[in-house]
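Below: one structure, written as C-alpha cells.
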There are 2 protein chains.
Amino acid sequence: MTAPLHETRTPGAGRALPDTQQGMRRRNLARVMHAVSAEGSLSRAAVASRIGLTRAAVSTLVDELIRWGLLEELGPERPGRVGRPGSALAVSGRGPAGIGAEIGVDHLAVCAVDLRGAVRARAVRHSANRGRAPEPVIEELTGLIRRVAADAEREDLWPAGIAVAVPGLVARDGRTVVRAPNLDWHDTDLGVLLPSGWPLTVDNEANFGALAELWLGDGTPRDFLHVSAEIGIGAAVVVDGGLLRGTRGFAGELGHIPVRPDGPACPCGGRGCLEQYAGEEAVSRAAGLEPREDLVGLLAERAEDGDADVRAALRDAGTALGIALTGAVNLLDPETVVLGGALAGLSPWLLPSLETELAERTAGPACPVAVSTLGPQGPLLGAAHSVVRAVLDDPAVVAGRS
Amino acid sequence: MTAPLHETRTPGAGRALPDTQQGMRRRNLARVMHAVSAEGSLSRAAVASRIGLTRAAVSTLVDELIRWGLLEELGPERPGRVGRPGSALAVSGRGPAGIGAEIGVDHLAVCAVDLRGAVRARAVRHSANRGRAPEPVIEELTGLIRRVAADAEREDLWPAGIAVAVPGLVARDGRTVVRAPNLDWHDTDLGVLLPSGWPLTVDNEANFGALAELWLGDGTPRDFLHVSAEIGIGAAVVVDGGLLRGTRGFAGELGHIPVRPDGPACPCGGRGCLEQYAGEEAVSRAAGLEPREDLVGLLAERAEDGDADVRAALRDAGTALGIALTGAVNLLDPETVVLGGALAGLSPWLLPSLETELAERTAGPACPVAVSTLGPQGPLLGAAHSVVRAVLDDPAVVAGRS
DNA sequence: GACTATTCGTCATGGCAGTTTACAAATTAG
DNA sequence: CTAATTTGTAAACTGCCATGACGAATAGTC
C-alpha cells in the first residue's frame, strides 16, 4: 500500500499496460470524476456529452461512484432551459482526503484537502530545521500529520495518502531526499521515517508549487515554467499538464544555469551560476544585509521603504534571472513563466529588469511572465492536491473503503 | 485527409477521448503491430505474453491485421524449446509506406520506407535552394516525391503519408514554415504547395533527426537532448519517448541561449548567443575560412590535416556548446546528449572541450554525450519513419486500403 | 518407438462494457 | 392544456476479451 501515487504518463509504445475492459471501466470512472470535479456540479447528461459516452453508460458509472461515496446527488438542477431538469452531481465532501505536508527551513506545515479541493484541516508550527537531523524533524512532522488526520476524521474524512514537499532534490522513487542543502540532508529515505500504512510521495517543493499553480491557478496554461526561489533557485517544468522530472528527477535546476561563464565560483563546480547572482546569499550580500531567518520579508520591507542598495540588489538579481530564463524559454517555448514561492513577494522589484532582459534577448514577442497568486502556500496545497488528483485519476483504488 | 499525422500525447485529464470498446480494439491492434515490429518476428503466443492479452484475443487481432495486409505469416518457427512451435508473424513488407522528404540548403531528398523500416526507394538531387522562392523548390520536390511514389508502387507499396523535414521553425499546425533563415522563407504554408491527397506533416529537421535517433538509434534512451547544427544550431528535446514541441512549436532553440551575456550582438536581438560562438558563420570566421557550400566537410578535412586555426575554432565552439548545454542539462536532466547532423562529423574536435566544460560545471556525474550514428541522414529517415509510426500507432486508419 | 510433458493456435462459452432503442418524468413554449 | 424538449433509466443488443478445453506439434524419457 505504499506505491508511488503520481505515475508519469503512460509510455506511448514500449511496454504498455494491457488494454482490457476493466481498464476501460476504470478510465471512464476517472473521466466522470474529473468532469464533475472540473465543473463543481454537473448532471448525468452533461457528463455524458462532455466525456463522449452515452447517458446510459454514465448512469451506471455514476451509480457506482455514488455507492463508493465519491459522488453525491445534490437534487434537481434549477431549470433554466426547456426539458426535464437534470439531477446535479457533485464530488463528495466526505470520504478520501489528501494530506499535504511541507518541510521548510524554519517551519513545518500539514493540511488536509477533501475531494472537492477544500482545505478541511491544517496545522503549522515554527521550527528551526536548518541543519537539524532528519529523525527529530520527521518525528515532529508526524505529530502534526496525526493531529491533522484526526481532525479530518472528525469530519468524516479519511487520509488517502500523504505527500510531502521538501526543499531539495528528490529521487525518482518519490521517497528519497538526495540533497537538501538548507537542511543539510543527504540521501535520506523519508519512507522509513514517516508513518506507514498510507501511500506516500515525497517531492521537491518547486514541483508541488508548480502543480498547485497548474491545478488551482487562474488561467494557468498546460505548458509553463514555474520558478521558485526559496533558498536555492528551483524551477519546475510543466509540459502538457504534467511535470517534467528528468531521468534522475533533477530537472528544473535553474540555479546552476551559467549566467556569466567566467563569474564567481559556485559550490556546484561551475562558475557564474544563476545562484551566484540571484540566490538568497548573493542578494543579501549585495544588499548589505546579513543572512537571517525571514530574509525575504526583510528584503521586501526595505525595498518598499525605498532602500537603494536593496532595490539595486533585486534589480541585478532580476537581470540575472532574465538571462537564465532566456535560455530556458528558448529551449522549452513555454506559454508563460510563473514566478512563485518567495519570488512572488519580491516581484515588484525583480520583474522590471527581468522582463527587460527577456524582451531584449527575444526575437519575436517575449514570453509573458506572471506572478503566482498562491505564493508561498503553493507547495503545501500542491502536495495535498496531488493525493486528491491521484484519487480522481483512479477512483477504483479507494473503492473498498467507506 | 490532410490531418496532422503525429498527434501529441493524449492529455492526462482535461478533455480526453471517450473510452469505448472500439478504441480499445484499436489500441490493442496497435500494440500487436508494435510488438511484432519491435522484435521483427514473433509468434501469437509471444505477442500475447508481451502485451498482456490472452492468446485467443491476440489471434483475432492478428487475423484482422493479416486480412488488412499489415502482418504476414512466415510459417512455423524453428523449434528451440519443448512444445509446439509457434507460427512466426512479421510486419508486411508490402502495403502502406512512409514517404520522407528533406529540403536542405543545397539538396532535396525523398525516400520511401516500408512498415518494416526498410528504405525501398529514394531520390536525391543537388539543388541550390538558398534564397530561392518556395514555389519552384516545392515543385522540384514534388517531382521527386512522385518519382519515389511510383517506384514504391512498383514494389506493391502505397504512400500512407508524406513527412517533410525543413531547416527552420515550423508552426504547430505541422504545415507552415514560420522562419527558415537559410532558405529565406517566412510564414510559408507548404500544405497548399505540396501534392494533396496524402496526409502531410512538416517539421523541423532537428526534430525528425531526434526521432530517427529515438527509433533507429542503438540504445538511445527515451529522454535525451538531440543537438544538430546544420546552419543555425537547433536542438530537439525528447521526453519520455515523445518530442517536446513547445507552445508555438519553437522548443529547442539552443542557438540563442545566452553564453556570454555581454558578447557580440545577435540578429535575434540578444547578445552573446551560442550561435555567435558555435554557429557556422562564427566558426568559419574564427577558422579563417570563407563561408561556402560544404563548409562542414571542409572544416573536417582541415581539422583532420592538423590545421591549428581550424582546430582552435572548433575547440572554442565546443566550449561554447558545453556552456549552453550545461544550462540545458540542468533544466532537463536528460539521460544523454546526442550530437547529430553536421556536428556528428566534427565531433572529434568538438567533444573534448565540450565534455570538459560540461563536467567541470556539473556537481555530480556529468551527463554523457554521444555521437549520432545516423549523422546527416537522420532527418530524412526520421521523416519517413514518422509516417510508418503513425500507421503502427493506429493500424485501423489504413484498414480500407489494400 | 511409445509415452509424457509442454507449448501453440483455435473454438465455444461466458462475462462485462458501452450502445441502441424505447419510455416515463419533468420542464418550457404556445 | 398540448406539443416540444430534455433527462434518467431499463431492456435488448453488439462487441471485445477472458476462460477453459481441445487438437496439433515438438522435446525429453524409458
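Going from atom CG of B:Asp63 over to atom C1' of C:dG9 covers 10 Å, rounded to whole Å. Computed from coordinates, the A:Gln22 CD to D:dA18 C1' distance equals 9 Å when rounded to whole Å. Rounded to whole angstrom, the span from the CE atom of A:Met24 across to the C1' atom of D:dC16 amounts to 8 Å. Computed from coordinates, the B:Leu42 CG to C:dC8 C1' distance equals 13 Å when rounded to whole Å. Whole-Å rounding puts the A:Ile51 CD1 to C:dA17 P distance at 15 Å. Atoms CG (B:Leu29) and C1' (D:dC17) sit 13 Å apart, rounded to a whole Å. If you take CG of B:Leu74 and P of C:dG9, they are 12 Å apart, rounded to a whole angstrom. In this structure, B:Leu61 places its CG atom 14 Å from P of C:dG9, rounding to the nearest Å.
At C:dG18, none of the side-chain N or O atoms of B:Thr20 fall inside 4.0 Å of OP1 or OP2 (strictly under the cut-off). The side chain of A:Arg44 contributes an N or O atom lying less than 4.0 Å from OP1 or OP2 of D:dT9. Between C:dG18 and A:Arg25, a contact under 4.0 Å exists linking OP1 or OP2 to a side-chain N or O. Between A:Asn28 and C:dA17 there is no side-chain N or O to OP1 or OP2 distance below 4.0 Å.
The pair A:Arg50-A:Glu39 meets the salt-bridge criterion, with a side-chain N (NZ, NE, NH1 or NH2) lying under 4.0 Å from an Asp/Glu carboxylate O. The existence of a salt bridge linking B:Glu72 and B:Arg116 is confirmed by a sub-4.0 Å separation between a basic side-chain nitrogen and an acidic carboxylate oxygen. A:Asp114 and A:Arg94 are not joined by a salt bridge, as no carboxylate oxygen comes within less than 4.0 angstrom of a charged side-chain nitrogen.
When each of A:Ala45 and B:Arg84 is assigned the nucleotide of DNA chain D bearing its nearest heavy atom, the one mapping closer to the 5' terminus is A:Ala45. Sequence order on DNA chain C of the closest nucleotides to B:Gly83 and A:Arg81 puts B:Gly83 first from the 5' end.
Looking at the side chain of B:Pro85, the nearest of the listed nucleotides D:dT7, D:dC17, D:dT26 is D:dT26. When distances are taken from the side chain of B:Ser59 to each of C:dG9, D:dC17, D:dG8, the shortest belongs to C:dG9. Of the candidate nucleotides C:dT27, D:dT19, D:dA27, D:dT19 has the atom nearest to the side chain of B:Thr54. Here D:dA18 is the nucleotide among C:dG18, D:dA18, C:dT28 with the atom lying nearest to any side-chain atom of B:Leu53.
Across all their heavy atoms, A:Arg175 and A:Gly191 have their closest contact at NH2-CA, 3.3 Å.
Between the side chain of B:Arg55 and the base of C:dG9, a donor-acceptor pair under 3.5 Å is found.
Residues in residues 55-70 of chain B take part in these salt bridge (charged side-chain N to carboxylate O under 4.0 Å, His left out) pairs, two or more places apart or across chains: B:Arg25-B:Glu64.
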